[in-house]
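Before any comments, here is the structure.
Numbers here simply count residues along the sequence, with the first being 1. What you see is a predicted model, and the numbers here were worked out from it, not measured in a lab. In each ligand, atom 1 is the first atom listed, and ligand 1 is the first ligand listed.
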Amino acid sequence: MTITLTKEMQQMKEMIRNFVEREVEPFAIQIEEEDAIPEHLVEKAKDLGLFGISIPEQYGGIGLNAVGKATVLEQLGRTHNGFVSLISAHTGIGSTGLVKLASEHLKNKYLPEMAAGTKIGAFALSEPGAGSDATNLATSAEKKGDYWVMNGTKHFITNGPIADVYTVFALTDKDKGAKGGITAFLVERDFPGLNVGKKDKKMGLRGSYTSQVIFEDCIIPEENVIGEVGMGYISALKILSEGRVGLAARAVGSSGKLIELSAKYAKERIQFGKPIADNQAIQWMLADMATETEAARALTMMAAQKIDEGKKVIKEASMAKLFASDVFNRVADKAVQIHGGMGYMAEYPVERFYRDARITKIYEGTNEIQRLIIARNVLEEC
Ligand SMILES: Cc1cc2nc3c(=O)[nH]c(=O)nc-3n(C[C@H](O)[C@H](O)[C@H](O)COP(=O)(O)OP(=O)(O)OC[C@H]3O[C@@H](n4cnc5c(N)ncnc54)[C@H](O)[C@@H]3O)c2cc1C
């Protein structure tokens, strides 16, 4: 498939590629060691408009379509995944609910600052008892006059410790459950009763923070319901669907970067008197890495195009997420193998990509859940 980018989009793609190569990547080891993103990189990302890629121009963002967003996220995926996670959780699952489903009042109130990156967004669905089964929420919200009162605990929330606004899903009608009894809310960090837990210690994605977000009689104004009361589960599925295409695009970018690093290393590393790239065993690994990455890119862009055409994309988004994340893991494994012992050393980026690849098969719906979604659609269609 061919994706023809506009001149502006091509320029933006190159600008982001330069930004990640020249400005972010040199700080990757520092990010790993300090588990923090240098403030000047966050500021530069704000200046480049990266926090507003998915927010329409009328609210101060760049308002890219899905193909444009996937193009940007693929370029971002070429660098430190923790840095990218901060931006992609904000521009994806952290703001899609507001952009696509919220009232004009909420959009005007929150989106301009989110587009500027002065307010950071997060998405809070998962709970200790509700991971893959997101219908089993224990967090509840009860209507009292003009307010909702929320109680419960969300966990593993990306940007949890640093977010200013959370898209939160809570049970508002126990009897109806996921079929009309879950509602989405926009909850400000400063609303009384919202507390953030301590930062989780993770295998990778250093610099991207996750934590619990705890609601204890948290008071939420009535106007902060996103979409219709009771339609929150449908909203969550829609938000996650689009988020999965973004995650796939990032995985494609990371895989592409790993191929380049591996090919360069294979040409430079001499063993038995010749570059290891001269061995067919190495060439075959590179061939598989390149072929699978191209296929993942095609699947991702096909899903993005469908979003832009206004078509139902649940199956395609799951296919893109499933395939691109599996490919990223296989590519990272081969990249480490091609680098030999050096691939196991923290000073080489492949070690970091290898650890960061693992989460892509787990979050935004595990790959087992993606297979369930795809199979359900196939069975319905055939
Ligand atoms: C770093 C990180 C960041 C995250 N960020 C966010 C965030 O921003 N917001 C948010 O809401 N959540 C977030 N999550 C949560 C993430 O989405 C969940 O971890 C994920 O959905 C899986 O849920 P679980 O961990 O409870 O695993 P479980 O649901 O307990 O699954 C355990 C295993 O069982 C399998 N399994 C479960 N049910 C089935 C089934 N029916 N058929 C086959 N296999 C099944 C799973 O695939 C998995 O292999 C994050 C998680 C991590 C680790």
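Side-chain contact check for Asn81 versus Arg355: every heavy-atom pair is 4.5 Å or farther apart.
Here Leu372 has side-chain heavy atoms under 4.0 Å from ligand 1, and that is the only part of it that gets that close. Contact annotation for Glu364 and ligand 1: only backbone heavy atoms (N, CA, C, O) come within less than 4.0 Å of the ligand. Both the backbone and the side chain of Leu125 come within contact range of ligand 1, each with a heavy atom under 4.0 Å. The residue Asn367 has no part lying near ligand 1, judged by heavy-atom distances below 4.0 Å.
For Tyr166 and Phe185, the gap between ring centers reaches or exceeds 6.0 Å. For His40 and Phe27, the ring centers sit closer than 6.0 Å to each other.
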**Request:** Test salt bridge (charged side-chain N to carboxylate O under 4.0 Å, His left out) on Lys312 and Glu381 and set out the steps.
**Result:** CA-CA 13 Å; Lys312 201 175 149 209; Glu381 286 164 11; over 6 Å; no

**Message:** Determine whether Ser254 and Arg78 satisfy the following criterion, side chain to side chain donor-acceptor pair (under 3.5 Å), listing intermediate values before the conclusion.
**Reply:** CA-CA 5 Å; Ser254 297; Arg78 293 171 54 83; over 6 Å; no

**Candidate pair Asn151 and Ser140, rule side chain to side chain donor-acceptor pair (under 3.5 Å), full reasoning** = CA-CA 6 Å; Asn151 280 287; Ser140 65; 5.4 Å; no

**Evaluation steps, side chain to side chain donor-acceptor pair (under 3.5 Å), between Glu223 and Ser103** = CA-CA 9 Å; Glu223 64 186 27; Ser103 65; over 6 Å; no

**Prompt:** Could you walk me through whether Lys306 and Glu309 pass the salt bridge (charged side-chain N to carboxylate O under 4.0 Å, His left out) check?
**Reply:** CA-CA 5 Å; Lys306 274 197 143 182; Glu309 288 162 6; over 6 Å; no

**Asked** Could you walk me through whether Ser325 and Thr360 pass the side chain to side chain donor-acceptor pair (under 3.5 Å) check?
**Response** CA-CA 5 Å; Ser325 62; Thr360 61; 4.5 Å; no

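Using a cut-off of 4.0 Å between Lys/Arg side-chain N and Asp/Glu carboxylate O, Lys257 and Asp356 are scored as not salt-bridged. Between Glu316 and Lys311, no side-chain nitrogen of the basic residue sits less than 4.0 Å from a carboxylate oxygen of the acidic one, so the salt-bridge criterion is not met.
Considering only non-hydrogen protein atoms, atom 39 (C) of ligand 1 sits nearest to Ile369 CD1, 4.0 Å. Protein heavy atom in closest approach to atom 49 (O) of ligand 1: Glu368 OE1, 3.4 Å. Regarding atom 8 (O) of ligand 1, its nearest protein heavy-atom neighbour is Thr158 N, 3.0 Å. Scanning the protein heavy atoms around atom 26 (O) of ligand 1, the nearest turns out to be Gly131 CA, 3.2 Å.
In the vicinity of Thr366, heavy-atom distances shorter than 4.0 Å reach the ligand 1 atoms 22 (C), 46 (C), 47 (O). Near Ile362, meaning under 4.0 Å from any of its heavy atoms, are these atoms of ligand 1: 20 (C). Close contacts of ligand 1 with Ile359, meaning ligand atoms under 4.0 Å from a residue heavy atom, involve 1 (C), 2 (C), 52 (C), 53 (C).
An N or O contact shorter than 3.5 Å is missing between His155 and ligand 1 by distance. Polar contact check, Tyr363 against ligand 1: no nitrogen or oxygen pair lies under 3.5 Å apart. For ligand 1, the polar-atom distance check against Ser132 finds a nitrogen or oxygen pair separated by under 3.5 Å. For the pair Phe156 and ligand 1, the shortest N or O to N or O distance falls below 3.5 Å. The distance criterion of under 3.5 Å between nitrogen or oxygen atoms is met by Phe123 with respect to ligand 1. Residue Ser126 has at least one N or O atom closer than 3.5 Å to an N or O atom of ligand 1. For ligand 1, the polar-atom distance check against Ala124 finds no nitrogen or oxygen pair separated by under 3.5 Å. The shortest N or O to N or O distance between Thr210 and ligand 1 is not below 3.5 Å.
Within a 4.0 Å radius of atom 51 (C) of ligand 1, the protein contributes one or more non-hydrogen atoms. For atom 11 (O) of ligand 1, the protein comes within 4.0 Å by at least one heavy atom. Within a 4.0 Å radius of atom 35 (C) of ligand 1, the protein contributes no non-hydrogen atoms. Protein heavy atoms are absent from the space less than 4.0 angstrom from atom 32 (C) of ligand 1.
To the nearest 0.5 Å, atoms CG (Leu247) and CD (Glu242) are separated by 14.0 Å.
Taking Glu104 as the reference, nothing meets the salt bridge (Lys or Arg N to Asp or Glu O under 4.0 Å) condition, with sequence neighbours excluded.
Put simply, the residue from Glu14, Glu8, Lys13, Lys7 that forms a side-chain hydrogen bond (donor to acceptor under 3.5 Å, both in side chains) with Gln10 is Glu14.
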